[in-house]
Amino acid sequence: MKIATWNVNSIRTRQEQVLGWLQTNPVDILCLQETKVTDQQFPRVPFEDLGYHLSISGQKAYNGVAIFSRQPLEDVTVGFAAILDPNTVQTFDEQKRVIAGTLDGIRIINLYVPNGASVGSEKYIYKLSWLKLLKEYLQKTLEQTPNICVCGDFNIALEDRDIHDPKGRENHIMASEAERQALTEILDLGLADAFRKFNTESGQFSWWDYRAASFPRNKGWRIDHHYLSSSLYDKAKSCIIDKTPRTLEKPSDHTPVIVEL
DNA sequence: ATGGCTAACCCGGTTAGA
């Protein structure tokens, strides 16, 4: 089974690129982030015509996640409230960042982790609070389902080798100690980075800033991940970053990452 | 160098991304 994750930065703007990519890369599962569209306005038909089932959770202008699957998913849920106390997480679920579904006994959890704006800002505090809830959400999920694949745009580079230029990173969003600590605590539940099973080199990224010619200079970050529970991690066959879509005209600033289980 | 680039929104300037 191939599971891809791709922050498309607007599904309506990227519709043709996503369709083209799926024709060349007919993955079993495609997890999308930053669809930036309400469910009513989501361009479902072209993807359904390609043979995909769509599970979507979006909102106007911001955020939004979706899972495309060749086979229908079971037990699709959106938001933290599917697992956690709705009264506690209600305000967090207003931002559409979490969708999950099951295929062949594997629980696939697709995430768009908050960006955090800048270290110490209100949005940064929100990001850390969100990650704390994510830990509880995944802990309870693992109690129900041992086989999980948690993927998406984490907006965190866990190690310096995941950043083109790590100097000064302690005050940089996506690399600060508190963010890394929050993610490490989540991984300590029993999850491991599929990409690093196969590739230990630096210089391999999934996101490049639109500005300052970051992509041609390969000044990027690796912030899009697949985290697998132990039995899936042991079985993983490959995990690759496909830079091709980032070379196109009007690309997303992220590019797809694909794990094969 | 707090720049630079892109997208949505409501209509050219703001908010957000990372």
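Protein chains get the first letters and strands the later ones, always in sequence-line order, with residue 1 at the start of each. It should be emphasised that the depicted structure is a prediction, and the values quoted were computed from it without experimental measurement.
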May I have the distance from A:Gln15 (atom CD) to B:dA7 (atom C1'), rounded to whole angstrom?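 After rounding, the reported distance stands at 16 Å.
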How long is the line joining NZ of A:Lys127 and C1' of B:dA16, in whole Å?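 To the nearest whole Å, that distance equals 14 Å.
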Once you apply a heavy-atom cut-off of 4.0 Å, does [X] come out as touching a base, just sugar-phosphate, or nothing?
X	answer
A:Asp224	nothing
A:Asn171	nothing
A:Tyr112	sugar-phosphate
A:Trp207	sugar-phosphate

Within the structure, does a side-chain N or O atom of [X] lie under 4.0 Å from either OP1 or OP2 of [N]?
X	N	result
A:Arg246	B:dT6	no
A:Asn9	B:dA16	no
A:Lys60	B:dA16	no
A:Lys123	B:dA16	yes

Ring centers of A:Trp221, A:His254 separated by less than 6.0 Å: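 No; A:His254 has its ring centre 6.0 Å or more from that of A:Trp221.
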Quick check on the 6.0 Å ring-centre criterion: do A:Tyr210 and A:Phe215 meet it?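 So the answer is no for these two rings.
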Under 30°, 30 to 60°, or over 60°: which ring-plane class applies to A:Phe68 and A:Phe47, parallel, tilted or perpendicular?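 Judged by the thresholds at 30° and 60°, the geometry between A:Phe68 and A:Phe47 is tilted.
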Which one, [options], comes nearest to the side chain of [X]?
X	options	result
A:Arg211	B:dA7, B:dG4, B:dC9	B:dG4
A:Ser10	B:dA16, B:dA7, B:dA18	B:dA7
A:Tyr210	B:dG17, B:dC9, B:dA8	B:dG17
A:Tyr62	B:dG17, B:dA7, B:dT15	B:dT15
A:His254	B:dA18, B:dA7, B:dG17	B:dA18

When the [atom1] atoms of [N] and [M] are considered, how many whole Å apart are they?
N	M	atom1	value
B:dA18	B:dT6	C1'	12 Å
B:dA1	B:dT14	P	26 Å
B:dT2	B:dA8	C1'	23 Å

So is A:Lys36 actually on top of A:Tyr62's ring, under 6.0 Å and inside 45° of the axis?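 No, A:Lys36 does not lie over the aromatic ring of A:Tyr62.
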Are side-chain N/O atoms of A:Asp224 and A:Ser206 paired as donor and acceptor at under 3.5 Å?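 Yes, A:Ser206 and A:Asp224 have a side-chain donor paired with an acceptor closer than 3.5 Å.
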